[in-house]
Structures are given as structure tokens and as C-alpha cells.
Amino acid sequence: MADPKGFMRTPRQDWPRRPVAERVRDWDEVYVPGALLPVVSAQADRCMDCGIPFCHDACPLGNLIPEWNDLVSRADWRAASERLHATNNFPEFTGRLCPAPCEAGCVLAIDQPAVTIKNVECAIADRAWEEGLVAPRPPDRLSGRTVAVIGSGPAGLAAAQQLTRAGHTVVVYEKDDRLGGLMRYGIPEFKMEKRHLERRIDQMRAEGTKFRTSVVVGRDVEAARLRARYDAVVIATGASAWRELSVPGRKLEGIHQAMEYLPPANRVCEGEPEVSPLSAAGRQVVIVGGGDTGADCLGTAVRQGAASVTQLDIYGRPGDDRDADADPWPTYPRVYRLSAAHEEAGELGTAPAADADARLFAASTLRFTGDGQGRVAALHLVEVDAHRRPVTGASRALPADLVLLALGFSGPDVSDGLLDQLGVTLAPRGTIARGRDFSTTAPGVFAAGDAARGQSLIVWAIAEGRSVAASVDRYLTGASTLPAPIGPDDRPRAV
């Protein structure tokens, strides 16, 4: 703790965003380049000597937050990077994409704005890359054991890196043409530029991890045959089975799932194709779903030049401050948050019929109606109360010729035959069933990430990847020194 009074002297200051009028004209990250480092040391000084750092427990990775805050405040970037990477394989990912449950658990957050933990984390990772402090860590010797990891999202990549560093020969299979899973084609460039992803993949290649892209295991390669070739298999395919909206008019043209819309837009940023085949340009867009994926659709539609964009959230507008009864500290509170996309939509006035940030809260979709030629023309909604019951006389229609469904995901996609071919069974809620050691019902097959946990945060995916690696290492060698920050049944702190 470099400054015992830092939290009293220094107000919270977040990484500033670029002006809206500037950033919506490109796909670069929304933050002002180079503006984080000048403020981050003073922000790290706000970390209190709180005795029991609840931020540790709030983060499933067990990040050593007070330690690297202290090191940053002293400008010891090398040591800060070492402490950060001790618990997190990809801090530049989490520093940009995680909603920061650690900040909700910050002791300072009891009655003040929390320490900017997420910003400090991102600053350490970026500084470490700039100063050459992130080097490949190939194993000293090989174990002679082989592991196939199916899926290259954060869980799969974390598992692969840990197992490679333990000396096993690891091959990652990815169904898409590029690596990264949801981080590649689901997360827009303005939230995380893919150069960060490429840099980590290059590091993993240098350590010895092998990658096979454009391979759908279960279809292009028989899963049982793949299992026979490796000593162990890790399934980390994510939860790609999206939730549907079963209302009248759903079959009309112009209604698409968010994951049918976002990947083509991200491919344009990769250089192919030049224009998305499902662009929002000039269209009246309505997004159904109030979560992060809906916000990603919102920011994408704004950049594509939509005529209007409205986002529907079935929940009522949260309060500006934590509800001490419903969400007591240190749980993650449901409060009103203004993402970069909502800030953009609000300033540009993309949704005249909605609230200031383009969201309509407490809104439930009733049906869609068409234009007489099979295309969607309007979305009919009704206001609902806190129990999602329709409010009498509170229905309305929104013009819409492009509707995006961002309702989340229920579990892994089973259509490729992967699970059936391996003999892996599902739990009643549609995720992969597994034991306390992350093992599935098939011998030598383990599961990690959203495919088994269900839709969750990137920090939980990385924590699962690290934990499953320890289980696989123990299965292969009889013992393991790899860290296992969580168990398969651990869940976020709740009331």
C-alpha cells in the first residue's frame, strides 16, 4: 500500500473514451489510446489496506489484486506483470471484456466508487507487452502425453496453454477459420481489437501448442476416432445453442439471431468480405434482449449506419445505486450502467421512441407483423411489471425491418454429433454433465467453460480452463502442481 490515504485523496477516474462522433466512424477500440497509463498509478493508490480483500473472492481467478495494485503504484511493472499472470493467462482480454465482479467486491465500494481494478489490470498487461515482459514459456521437457482441446475460446485456450506448459503435447481444434471462438467473431472490434488475441496465439504457438482450424469435430473428424488418437480430450466448445423467441410472426424474413448478425460484421473487420451480407445500413433495427450481446449488436448497427436502433429489455430500469436489500455488498449489483454502445446511441439519438440511451425497459415482445411480402415490418410489444406481467393498455408497435434476437444461450450445440459420438451425456439443464474433477461420462474426456457451466463471464471461462487443465494433468500423470482456482460446481457470490 504505497499511499495509505490514496482512497481519500484521489477520486475514481476511468479510462476515457474517444468522442462519440469520432469513434462511430471506425471499428477501433472506444478508448483514447495512451490515456490509461498517465492515470492508472494514482488509481492503483486508491487500493486500501483492507485486511481481507473481498476482491479476491469476487474474482473466480483469485487475482492477487492488492498486490499488483501496490506494485503499479510503485511503477514496478515487471513484478506487477508477474503477479497478474500468476493467476490469469489473458489479462488483456479480461481487462477489456469482463464486467469486473472484483470491483463490486472491493471494500472501498461499500460507500465510495470502487478501485478501477479492471483498468489497472489492462494497463499492466498492455505495458508488459510493450516492454517485452511477456515471453513464451515452453516446457523444460515433454511428458509424452497428448491432449486434444476442442474449442478455442477463453476456456479452451487457457486449458491448452496450461497443459502445454506442463509438458503435454496439445492440439486445439477450432470449427471456424480463425482462432478465438466467441472472442473472434462474437465480440466486436470496438470492444477488443483482435491484435490482442493474435499476440496471445503467437505466444502459445511459440510454447508448443498446435492449432487446427476449420475442423468440426463430429462432422469433419469422427469424435470417437479423435479420442482414440489422444490420451485425453477437453471439450470447450462454448454454449452456442441460442435461445429462441416463440411468438407469432417469428418466421418472417428479417428476424435473425444475434450470432447470425455479429460474425459477418466481425469478418468485415478481418478483411473479408468487404460488406456484411446482413448489414443494418439504412434499416430500422430493433434488438430484443438487454444484455451485453444486445449492446454489441447496438454498437455494430450504429457503425453500419442504421436509420434507427432500439433495444428492448424485459427488466425494469435499474436504479443508479446499489439496492442494499436486493444486492448487498459484496455481491454484483444490478444497477444502471451506460456501455459505450448506449452512450453512442443516446448521443446520436438512434431511437426517438426509446429512452435516452436507446433502451426500452420493462418491454416484452408480443408478436411481429409483416409487409405483406413475407418480411418483418413491425414489432409489437407491451410494457410489463416487475413480475413480467403485461400492463393493461400499455402496448405499442415499433417499425422494424431488421430484428435481432439477443436472448442468450442455453448450452452446447449438439447438431455436430460430437457429444453423441463420444458418449457424453447432458445434465437436465442442457449443459454437459461432469464430475467434481471436470470429467464427463466418457472416460478420458473432460469439459470446461460455457458448454458445461452454462452461459457465463470470461473470467469464469478462463478459471474453468485453468482448473480443467489441473484435472487433466492429474489424470495423465497421477499428480499435478497446476493451479485449480475453482471447482465445477462453484458459482458467483449471491445473496
Holding to side-chain hydrogen bond (donor to acceptor under 3.5 Å, both in side chains), I want the full list of residues that pass it with [X], two or more places apart in sequence or in another chain.
X: Thr87; answer: Asn63
X: Asp28; answer: none
X: Ser339; answer: His342

Apply salt bridge (charged side-chain N to carboxylate O under 4.0 Å, His left out) to [X] and list each qualifying residue two or more places apart in sequence or on a separate chain.
X: Asp490; result: none
X: Arg243; result: none
X: Glu131; result: Arg127

Report, one line per pair, each donor and acceptor closer than 3.5 Å where one atom sits in a side chain of residues 186-194; sequence neighbours left out.
{"residue": "Glu189", "atom": "OE2", "partner": "Lys194", "partner atom": "N", "Å": "3.4"}
{"residue": "Lys191", "atom": "NZ", "partner": "Asp296", "partner atom": "OD1", "Å": "3.1"}
{"residue": "Glu193", "atom": "OE1", "partner": "Arg195", "partner atom": "NE", "Å": "2.7"}
{"residue": "Glu193", "atom": "OE2", "partner": "Glu29", "partner atom": "N", "Å": "2.9"}
{"residue": "Lys194", "atom": "NZ", "partner": "Ile187", "partner atom": "O", "Å": "2.8"}
{"residue": "Lys194", "atom": "NZ", "partner": "Met192", "partner atom": "O", "Å": "3.0"}

Residues two or more places apart in sequence or in another chain: which of them pass ring-ring contact (aromatic ring centres under 6.0 Å, His included) with [X]?
X: Phe90; result: Phe93
X: Trp329; result: Phe54
X: Trp15; result: Tyr31

Pairs under 3.5 angstrom only: tabulate donor-acceptor contacts from the side chains of residues 370-380 to other protein residues two or more places apart or in another chain.
{"residue": "Asp371", "atom": "OD1", "partner": "Gln373", "partner atom": "N", "Å": "2.8"}
{"residue": "Asp371", "atom": "OD1", "partner": "Gly374", "partner atom": "N", "Å": "3.4"}
{"residue": "Asp371", "atom": "OD1", "partner": "Arg375", "partner atom": "N", "Å": "3.2"}
{"residue": "Arg375", "atom": "NH2", "partner": "Asp401", "partner atom": "O", "Å": "3.3"}
{"residue": "His380", "atom": "NE2", "partner": "Thr369", "partner atom": "OG1", "Å": "2.9"}

Not counting sequence neighbours, which residues clear side-chain contact (heavy atoms from CB on, under 4.5 Å) with Ala239? List them please. Phe409, Asp450
